[in-house]
Engineer: 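Just passing along the structure, written as structure tokens.
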Amino acid sequence: MTTERPEPPLVGGEREMLRTFLDFHRATLAMKCDGLSDEDLRRASSPPSTLSLLGLVRHMAEVERTWFRRVINAEDVPLRWSAEGDFQAAYDASSSTRAEAFEAWQAEVEQSRKIEEAAESLDVTGHQARWGEDVSLRLVMLHMIHEYARHNGHADFLREAIDGVTGA
């Protein structure tokens, strides 16, 4: 399994750059998981942290779902892994598989892309209930890039501790 990663443009419009950088970071997370077994993906490889690569994938599915569907699209959808609204539940991938986690994540990414593409502009707003504030699609795109970049740094350490693979 080899993940292809888009090359962000050096010059372009704001929306194109945000979209491509977000897809770049999505692909980076997938690349960090390439070639690993379910067991490897579930492994908390950097003790004392309990974080795993599969937990990160599940978490990012939840993040995509929340910011695009719940906030921007105002959909009344529950979290995927917690009926109680516990965002931390997604990190527990102890009984998860690559197929389950990646199917959920990829489905949420596809929904996010559809929502972003259908939006009239980056100025479209949604309500972030946890903050009690309205936020723009622009902020959501920037926040998602930040969220992926931060967690891809975690994924770097997790992957290297599993099999020594670095880079991406």
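No hydrogens, no waters, no symmetry mates; every other heavy atom, side chains included, goes into these values. Quick caveat: nothing in here was measured; it's all calculated off a predicted structure.
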Engineer: Has the side chain of Arg15 got a donor or acceptor atom that lies under 3.5 Å from a matching backbone atom of Glu116?
Structural biologist: yes
Engineer: Ring of Trp105, cation from Arg58 - is the NZ or CZ under 6.0 Å from the centre and inside 45° of the axis?
Structural biologist: no
Engineer: Are Glu147 and Arg150 close enough that some pair of their side-chain heavy atoms sits under 4.5 Å apart?
Structural biologist: yes
Engineer: List the atom of Trp81, the atom of Ala89, and the distance in Å for their closest heavy-atom pair.
Structural biologist: O-CB, 3.4 Å
Engineer: I'd like to know whether Thr97 forms a side chain to side chain contact (heavy atoms under 4.5 Å, CB included) with Glu100, so could you lay out the CA-CA distance, the side-chain angles of the two residues, the decisive distance to 0.1 Å, and finally the verdict.
Structural biologist: CA-CA 5 Å; Thr97 64; Glu100 177 260 345; 3.4 Å; yes
Engineer: Between Ile72 and Val135, what is the shortest heavy-atom contact and its length?
Structural biologist: CD1-O, 4.1 Å
Engineer: Could you identify which residues cluster with Leu79, counting Ile, Leu, Val, Met, Phe, Trp and Tyr as linked when any side-chain heavy atoms lie under 4.5 Å apart, either directly or through a chain of such contacts?
Structural biologist: Phe87
Engineer: How about Val57 and Cys33: do any of their side-chain heavy atoms sit closer than 4.5 Å?
Structural biologist: yes
Engineer: Output yes when a side-chain donor or acceptor of Arg98 lies under 3.5 Å from a complementary backbone atom of Leu36, and no otherwise.
Structural biologist: yes
Engineer: What are the two closest non-hydrogen atoms of Glu75 and Ile115, and how far apart are they?
Structural biologist: OE2-CD1, 4.0 Å
Engineer: Identify whether Met31 and Phe24 are in the same connected component of the hydrophobic contact network (ILVMFWY, side-chain heavy atoms under 4.5 Å).
Structural biologist: no
Engineer: Any Lys/Arg nitrogen of Arg70 or Asp76 sitting under 4.0 Å from an Asp/Glu carboxylate oxygen of the other?
Structural biologist: no
Engineer: Do any side-chain atoms of residues 154-163 form donor-acceptor pairs under 3.5 angstrom with protein atoms, and if so which ones, sequence neighbours left out?
Structural biologist:
| unit_1 | atom_1 | unit_2 | atom_2 | d |
| --- | --- | --- | --- | --- |
| His154 | ND1 | His151 | ND1 | 3.0 |
| Asp156 | OD1 | Lys32 | NZ | 2.7 |
| Arg159 | NE | Asp163 | OD1 | 3.0 |
| Arg159 | NE | Asp163 | OD2 | 3.2 |
| Arg159 | NH1 | Lys32 | O | 2.8 |
| Arg159 | NH1 | Asp34 | O | 2.8 |
| Arg159 | NH2 | Asp34 | O | 3.2 |
| Arg159 | NH2 | Asp163 | OD2 | 3.0 |
| Asp163 | OD1 | Val165 | N | 3.1 |

Engineer: Could you tell me which residues satisfy salt bridge (Lys or Arg N to Asp or Glu O under 4.0 Å) with Asp123, sequence neighbours excluded, listed by chain and number?
Structural biologist: Arg138
Engineer: Are Thr28 and Tyr148 close enough, and set up right, to give a side chain to side chain contact (heavy atoms under 4.5 Å, CB included), and what steps lead you there?
Structural biologist: CA-CA 9 Å; Thr28 299; Tyr148 272 102; over 6 Å; no
Engineer: Can you tell if the side chain of Met60 reaches within under 4.5 Å of the side chain of Asn152, non-hydrogen atoms only?
Structural biologist: no
Engineer: Leu51 and Tyr91: side chain to side chain contact (heavy atoms under 4.5 Å, CB included), yes or no, with the steps?
Structural biologist: CA-CA 7 Å; Leu51 194 58; Tyr91 285 119; 3.4 Å; yes
Engineer: Can you find a side-chain donor-acceptor pair between His143 and Gln128 that sits under 3.5 Å?
Structural biologist: no
Engineer: Please walk me through it: do Arg42 and Asp38 pass side chain to side chain contact (heavy atoms under 4.5 Å, CB included)?
Structural biologist: CA-CA 6 Å; Arg42 284 190 295 265; Asp38 284 4; 3.5 Å; yes
Engineer: Using a 6.0 Å cut-off, check whether atom CD of Glu16 has over 12 heavy atoms from anything other than its own residue.
Structural biologist: yes
Engineer: Run the salt bridge (Lys or Arg N to Asp or Glu O under 4.0 Å) test against Glu108 and tell me which residues pass, sequence neighbours left out.
Structural biologist: Arg65, Arg69, Arg80
Engineer: Which pair of heavy atoms, one from Ser52 and one from Gly55, lies closest together, and at what distance?
Structural biologist: OG-N, 2.9 Å
Engineer: When rounded to the nearest 0.5 angstrom, what distance separates NE2 in His25 from CG in Asp23?
Structural biologist: 11.0 Å
Engineer: Restricting to salt bridge (Lys or Arg N to Asp or Glu O under 4.0 Å), what partner residues turn up for Asp92, sequence neighbours left out?
Structural biologist: none
Engineer: Taking only residues two or more places apart in sequence, or in another chain, which ones meet Arg130 in a salt bridge (Lys or Arg N to Asp or Glu O under 4.0 Å)?
Structural biologist: none
Engineer: May I ask you to test the Met144-Phe21 pair for a side-chain heavy-atom distance under 4.5 Å?
Structural biologist: no
Engineer: Taking the side chain from Ser37 and the backbone from Asp40, do they hold a donor-acceptor pair closer than 3.5 Å?
Structural biologist: yes
Engineer: What are the two closest heavy atoms between Leu137 and Ala119, and how far apart are they?
Structural biologist: CD2-CB, 3.5 Å
Engineer: Less than 4.0 Å between a side-chain N and a carboxylate O, is that true for Arg113 and Glu110?
Structural biologist: yes
Engineer: Check the surroundings of atom CD in Glu4: do more than 12 heavy atoms from other residues, nucleotides or ligands lie under 6.0 Å from it?
Structural biologist: no
Engineer: Roughly how far, to the nearest 0.5 Å, is the CG atom of Leu54 from the CD atom of Glu39?
Structural biologist: 12.0 Å
Engineer: Do Thr20 and Pro9 have side-chain heavy atoms sitting under 4.5 Å apart?
Structural biologist: yes
Engineer: How far apart are the closest heavy atoms of Met17 and Val11, and which atoms are they?
Structural biologist: CE-N, 4.5 Å
Engineer: Donor-acceptor pair, Glu64 side chain versus Ser112 backbone, under 3.5 Å?
Structural biologist: no
